[in-house]
Peer 1: 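This is the structure I have questions about; it appears just below.
Chain naming here is simple, since letters A, B, ... match the order of the sequence lines and numbering starts at 1 in each. Atoms considered below: every heavy atom in the structure, side chains included; atoms not considered: hydrogens, waters and symmetry mates.
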There are 2 protein chains.
Amino acid sequence: MSLNKTFALPRGTADILPEESFLWEEIESKARRICQSYGFREIRTPLYEDVNLFKRSLGQTSDVVNKQLLELASHKDDEGYALRPEGTASIVRSYLENSFDKKEALSKFFYMGPMFRGERPQRGRLRQFHQIGAEAIGPGSLSAFLDAEIISLAMFLLESFGVKKAKLKINSLGSKEDKERISLWLREVFAADKALLCPDCQNRFERNVFRVLDCKNETCKGLVSRIVTKLPLSDEGTRYFECVQEALRMAGIDFEIAPHLVRGLDYYSHTVFEITAQGLGSQDAIGAGGRYSQLIHELGGNLKVDFGAIGFALGIERVLLAVQSSLNDPGFIDAYVVILNKGEAFLKEAFKVSDYLRKAGFKVDLSYLERPVKSQFSQASKLNARFALIIGEDELASGKISVKNMKTSEQELVDRGAVLDYLKKIASLRSQ
Amino acid sequence: MSLNKTFALPRGTADILPEESFLWEEIESKARRICQSYGFREIRTPLYEDVNLFKRSLGQTSDVVNKQLLELASHKDDEGYALRPEGTASIVRSYLENSFDKKEALSKFFYMGPMFRGERPQRGRLRQFHQIGAEAIGPGSLSAFLDAEIISLAMFLLESFGVKKAKLKINSLGSKEDKERISLWLREVFAADKALLCPDCQNRFERNVFRVLDCKNETCKGLVSRIVTKLPLSDEGTRYFECVQEALRMAGIDFEIAPHLVRGLDYYSHTVFEITAQGLGSQDAIGAGGRYSQLIHELGGNLKVDFGAIGFALGIERVLLAVQSSLNDPGFIDAYVVILNKGEAFLKEAFKVSDYLRKAGFKVDLSYLERPVKSQFSQASKLNARFALIIGEDELASGKISVKNMKTSEQELVDRGAVLDYLKKIASLRSQ
C-alpha cells in the first residue's frame with residue numbers, strides 16, 4: 001500500500017450522511033409505531049446465516065442464490081455463511097429455533113435493516129440495501145382477514161411515509177391443491193404454443209410453469225395475456241380470495257387484480273401482492289409480499305395443514321426515491337453558544353453552560369476554536385439555532401448570559417442559573 | 001440436504017427476540033436524542049469495507065486484523081472486503097471521501113449498529129455485536145474542551161441507559177512529540193528489566209513500547225506498576241490534560257487517572273479513556289475512546305498540524321448486561337377486540353374496527369381464528385390490553401361496541417362511530 005492511500009466505498013454501497021440520515025430515522029420510527037399499532041413486534045436476526053438456509057428457502061435455481069449471494073470467506077472452523085439477501089428466511093429460522101409455534105397460535109414480527117445482494121449496481125438497486133418488513137406466522141395464520149391486515153399495514157406504512165399514488169396489485173394462486181391443479185392446466189393451455197416461448201420459459205414450463213406468467217419477454221407476455229385471463233381457482237380458493245378483496249374494500253384500499261402476478265418463488269400460495277409507486281423508473285416495485293405456508297415446511301417446520309405464514313417487505317431506498325421531493329430537513333438546534341472574548345475563562349463558562357443544557361435535553365452547540373464572533377453567529381444561523389447564548393466580559397463578571405432570539409433578534413440578559421428555566425418556558429410556550 | 005433439515009443461528013450470533021427488542025429500541029432512541037443534544041448527527045456507513053482500510057487503520061499486527069476480520073468471499077470482479085470490526089475507520093473513510101474537511105472546521109458524527117469480529121464466543125463477546133459511538137473530526141478539533149465534551153456525552157449516555165456505577169479512567173499520552181519522547185523514556189526505564197518481560201512484551205518493546213503498560217501478564221504488571229507511576233508529559237501536554245480534567249469536574253464527572261491506560265492502537269495521542277461497569281464479569285469495559293489525530297493521516301487525510309479527531313464507542317450488549325435487572329417490558333396494547341359469535345359478519349366488524357383504530361395510532365390486536373371467548377380474554381390480558389372491545393350479536397345489531405376497561409372491569413356500550421373518540425378521550429385523561 002502506498003502511503004496516504006485514500007479509500008473508497010465498496011461498489012454498490014452508499015454512505016448515509018447526516019443530511020439524509022434524519023429521513024431514515026423518521027421512516028424507521030414511524031414504521032416502529034405503526035407496526036406496533038397493528039400488533040407486530042420487532043425481531044432482529046443476525047446479518048449472516050447458514051448459506052443453506054437461503055438455498056433452501058429461495059430455491060437452488062433462483063437468481064439470488066445462483067448469482068447474488070454474498071458469502072463470507074471461511075473462517076477457521078466455520079464455513080458456509082452468507083449475508084442475508086432478504087429477511088423472511090432468517091425470521092422463519094428464528095421462529096422454528098425458538099419454538100414460537102409452541103408458545104402462540106400466531107406470531108407477528110416486523111423487522112428493518114440491511115440486506116445484501118451481489119448484483120450489478122443500478123438506480124434504486126444497491127448491494128447493501130434496506131428493507132422494512134413484517135411476517136405473521138403460526139398454526140393459526142390461515143385467515144383471509146390476516147392477508148388483508150398485512151396488506152393494510154403495508155399500504156398504511158407507505159402512506160405515512162408520504163409515498164403518493166402507491167398502486168396495489170393482488171392475485172391468488174389458490175391453496176396448495178389449487179396450485180397443483182392450475183400448474184397442470186397451465187401446461188395444457190400453453191402446450192400448443194410451447195415452441196414460441198423464450199428459452200427461459202421453455203425451462204420453466206416443466207419446472208415451475210407459474211413463472212411463465214411473469215416473464216418479461218415480449219413474445220411470452222403476448223402469449224400469456226392472450227391465453228390466461230384468470231387463474232381457475234377452486235370454489236374454496238375463490239371464496240378465500242373474495243374475502244380478502246372484501247376486507248381490503250372495508251379498509252378503504254384500492255387494488256387491481258393482476259392475474260399474471262405470481263411472485264418468483266415456489267413457496268407462495270393464496271394471496272400474492274405487489275405495490276408500485278411513481279418516480280422509480282423501470283424498477284417501479286416499492287414492496288411485495290404473499291402467503292407462504294410451504295416455506296415453513298421446507299425449513300423443517302411442523303406439517304399441520306393450516307400452518308402458514310404471510311408477509312411483505314418494502315424497500316427503504318425505493319421509498320426515499322418516491323418521496324424525495326416532499327421531504328425537508330426539519331433540523332434545528334435550540335441554542336448556539338457565542339463566545340465574545342478570548343481566554344480559557346470564557347471557554348470554561350461556555351462549556352459549563354452547554355453541558356448543563358444538553359443534559360437537560362436541549363440541543364446545543366458551540367466552537368472551542370475562539371473564532372471571530374461573526375463566524376460564530378453565521379454557524380448559529382447555519383445550524384438553524386433558535387437562540388444564541390452570548391458570553392462576554394460583562395456576562396462573565398455579572399454571572400449572567402445574554403439570550404438572543406435568532407428570529408426576532410430580541411435580546412435579554414438572564415441569570416446564569418435561570419437560563420434553563422428561561423429556555424424551558426419558551427419551549428413550552430412554543431409547543432402550545 | 002435432508003428434507004426438513006432445521007437451521008441454527010451462526011456461532012457467536014444472537015437473535016434479538018420481541019421480548020428484548022424493546023430494550024434495544026429504547027436505548028437507541030435515547031442515544032439518538034442525547035447525541036443530537038450534544039450537536040452530533042447520525043452517519044451510517046456500509047457494513048463492509050475494503051479490507052485494507054481496516055488493515056491500515058488497526059495496524060497489520062493487531063489481533064483484530066490478524067485473527068478476527070470476517071472477510072467476504074470474492075465475488076466476481078470484486079475482492080478484498082471485510083465486515084467492519086469497529087466504526088471509526090469507516091467514518092474517517094467517509095469523512096475524507098466526502099470532503100467534510102473542506103465543508104466545516106469540525107464534524108460531529110454518531111453511529112450505531114452491528115460490528116463483526118471472528119473471535120471465540122464468550123459472555124458479553126459475540127461475533128456480531130453492536131456499538132453506539134461518536135466521532136468529532138476536523139482541522140478544528142484540537143481542544144481539551146472537546147475531549148471533555150466527548151467524555152461527558154459517553155458518561156451521560158450510560159447514565160441515561162440506567163448503567164449504575166460506571167467508572168471512568170483517563171490518561172494522556174501527550175502530543176505526537178511527547179509520545180516519541182515518552183517512547184524513548186519507556187525503553188530507557190525498562191532497559192534493565194527487559195529480560196523479565198513476557199515474550200509479547202519483548203516484541204512490543206521495540207515496536208510499540210506503550211503496549212507494555214497494559215499487558216495482562218502478572219510479571220509485566222508488577223514491573224510496570226513499580227517503574228511507571230506517571231507518564232512524563234511536556235508542559236504543554238500536562239496543561240492540556242489538566243484542562244480536560246478541570247472541564248470534567250465542571251461537568252460533574254468523577255474520574256480516576258490511570259497512568260498505564262494506553263489503549264491498544266498506535267494512533268492515539270493526548271486523552272485516552274476507558275469506562276467500566278459492574279456486572280460484566282472479567283470483561284468489565286463497557287466503553288472506551290481517545291484522541292486519534294494520527295489515523296486521519298494514515299488514511300490519506302490532510303497533514304495540517306492541528307488536524308485531529310476524538311471519539312468513543314460503547315458496547316450495547318455490555319450495556320444490556322449492566323442494566324439487565326433494572327428494566328422491565330413496559331409493553332401494552334390499547335385494545336384487544338373480542339368476538340363473541342362465530343361467522344364472517346362478526347370477523348368483518350372486528351377487522352373494520354381494528355383497522356380503523358390502528359390507523360388512528362392505537363395499538364390493537366385480535367384473533368381471526370374464532371377462538372373461545374375465554375381464550376380471547378386471556379390473550380387480551382397476556383398482551384396487557386387496556387380495553388377489550390367486545391363484538392357480539394347485540395352489538396352488531398345495534399351498531400355499537402361494548403368497551404370493557406380491563407383494569408376496573410367497567411363496561412360501557414359505545415356507538416361504533418364514537419369508539420375512536422372514546423379511546424382518545426380516555427388516552428388524553430390518562431396522559432394528564
Peer 1: Between chain B and each of A:Asn98, A:Leu383, A:Leu366, A:Leu153, count heavy-atom pairs under 4.5 Å; write down the option with the most.
Peer 2: A:Asn98
Peer 1: Can you measure from CZ (B:Arg41) to CD (A:Glu19) and round to the nearest 0.5 angstrom?
Peer 2: 6.0 Å
Peer 1: Checking B:Phe100 against chain A: side chain, backbone, both or neither under 4.5 Å from a heavy atom?
Peer 2: side chain
Peer 1: Heavy-atom pairs under 4.5 Å with chain B - which of A:Lys352, A:Arg33, A:Glu20, A:Glu344 has more of them than the others?
Peer 2: A:Glu344
Peer 1: Could you tell me whether a side-chain N or O of B:Gln128 sits under 3.5 Å from a main-chain N or O of A:Leu47, the two making a donor and an acceptor?
Peer 2: yes
Peer 1: For B:Leu9, which atoms come within 4.5 Å of any heavy atom of chain A: side chain, backbone, both, or neither?
Peer 2: both
Peer 1: To the nearest 0.5 angstrom, please state how far the CD atom of A:Glu71 sits from the CD atom of B:Glu71.
Peer 2: 15.0 Å
Peer 1: Quick one: of A:Ser143, A:Pro10, A:Ser21, who has the most non-hydrogen atom pairs under 4.5 Å with chain B?
Peer 2: A:Pro10
Peer 1: Check each atom of A:Phe116 against the heavy atoms of chain B and say whether the ones under 4.5 Å are side chain, backbone, both or neither.
Peer 2: side chain
Peer 1: Could you state the interatomic distance from CG (B:Asp355) to CG (A:Leu248), rounded to the nearest 0.5 Å?
Peer 2: 9.5 Å
Peer 1: Hey, is the main chain of A:Tyr38 close enough, under 3.5 Å, to the side chain of B:Arg358 for a donor-acceptor pair?
Peer 2: yes
Peer 1: As an exercise: rank A:Ser367, A:Ala360, A:Ala247 by heavy-atom pairs under 4.5 Å with chain B and give me the winner.
Peer 2: A:Ala247
Peer 1: Okay, side chain of A:Lys359, backbone of B:Ala251: is any donor-acceptor separation there less than 3.5 Å?
Peer 2: yes
Peer 1: Please enumerate all residues that pass side-chain contact (heavy atoms from CB on, under 4.5 Å) together with B:Ser29, with sequence neighbours excluded.
Peer 2: none
Peer 1: State, without any angle test, whether A:Ser94 and B:Asp15 hold a side-chain donor-acceptor pair at a distance under 3.5 Å.
Peer 2: yes
Peer 1: Pick one of side chain, backbone, both or neither for A:Glu159, based on which atoms fall under 4.5 Å of a heavy atom in chain B.
Peer 2: neither
Peer 1: Rounded to the nearest 0.5 Å, how far apart are OH of A:Tyr81 and CZ of B:Arg127?
Peer 2: 7.0 Å
Peer 1: Select one option (side chain, backbone, both, neither) describing which atoms of A:Phe351 are under 4.5 Å from chain B's heavy atoms.
Peer 2: side chain
Peer 1: Is the side chain of B:Lys363 donor-acceptor paired with the backbone N or O of A:Cys35 at a distance under 3.5 Å, no angle test?
Peer 2: no
Peer 1: Please tell me if the side chains of A:Thr13 and B:Glu49 come closer than 4.5 Å, counting only heavy atoms from C-beta onward.
Peer 2: no
Peer 1: Hey, mind stepping through A:Ile16 and B:Ile43 against side chain to side chain contact (heavy atoms under 4.5 Å, CB included) and telling me if it holds?
Peer 2: CA-CA 6 Å; A:Ile16 301 167; B:Ile43 187 168; over 6 Å; no
Peer 1: For A:Arg239, I'd like to know if atom CZ has over 12 heavy atoms of other residues, nucleotides or ligands within 6.0 Å.
Peer 2: no
Peer 1: Got A:Tyr368 and B:Glu149 here, is their nearest side-chain heavy-atom distance under 4.5 Å?
Peer 2: yes
Peer 1: Where does A:Pro114 contact chain B at under 4.5 Å (heavy atoms): side chain, backbone, both or neither?
Peer 2: side chain
Peer 1: Which bit of B:Leu369 is near chain A, if near means a heavy-atom gap under 4.5 Å: side chain, backbone, both or neither?
Peer 2: side chain
Peer 1: Going through the distances and angles, do B:Glu25 and A:Arg44 end up as a side chain to side chain contact (heavy atoms under 4.5 Å, CB included)?
Peer 2: CA-CA 11 Å; B:Glu25 289 173 30; A:Arg44 303 185 184 190; 4.2 Å; yes
Peer 1: Can you tell me which portion of B:Glu97 sits under 4.5 Å from chain A's heavy atoms? Options are side chain, backbone, both or neither.
Peer 2: side chain
Peer 1: Does any backbone or side-chain atom of B:Tyr48 lie under 4.5 Å from a heavy atom of chain A? Answer side chain, backbone, both or neither.
Peer 2: both
Peer 1: Using heavy-atom distances under 4.5 Å, tell me whether A:Ala148 contacts chain B through its side chain, its backbone, both, or neither.
Peer 2: both
Peer 1: So B:Leu72 and A:Leu72, side chain to side chain contact (heavy atoms under 4.5 Å, CB included) or not? Walk me through it.
Peer 2: CA-CA 4 Å; B:Leu72 297 194; A:Leu72 297 194; 3.5 Å; yes
Peer 1: How long is the span from the CD atom in A:Gln36 to the CG atom in B:Asp334, to the nearest 0.5 Å?
Peer 2: 11.0 Å
Peer 1: Which one wins on heavy-atom pair count under 4.5 Å against chain B: A:Ile333, A:Leu83, A:Ile34?
Peer 2: A:Leu83
Peer 1: For the candidates B:Ser160, B:Ser354, B:Ser152, which exhibits the highest count of non-hydrogen atom pairs separated by less than 4.5 Å from chain A?
Peer 2: B:Ser152
Peer 1: Relative to chain A, which segment of B:Leu347 carries a heavy atom at a distance below 4.5 Å: side chain, backbone, both, or neither?
Peer 2: both
Peer 1: Is B:Pro18 close to A:Phe109 at the side-chain level, that is, under 4.5 Å between some pair of heavy atoms?
Peer 2: yes
Peer 1: So which part of B:Glu104 gets closer than 4.5 Å to some heavy atom of chain A, the side chain, the backbone, both or neither?
Peer 2: side chain
Peer 1: Quick one: pull up OG in B:Ser90 and CZ in A:Phe7 and give me the separation to the nearest 0.5 Å.
Peer 2: 11.0 Å
Peer 1: How close do B:Arg93 and A:Ala8 get, heavy atom to heavy atom, and via which atoms?
Peer 2: CD-C, 3.9 Å
Peer 1: Can you list the steps and then say if A:Lys348 with B:Phe145 is a side chain to side chain contact (heavy atoms under 4.5 Å, CB included)?
Peer 2: CA-CA 8 Å; A:Lys348 279 184 189 166; B:Phe145 290 101; 3.6 Å; yes
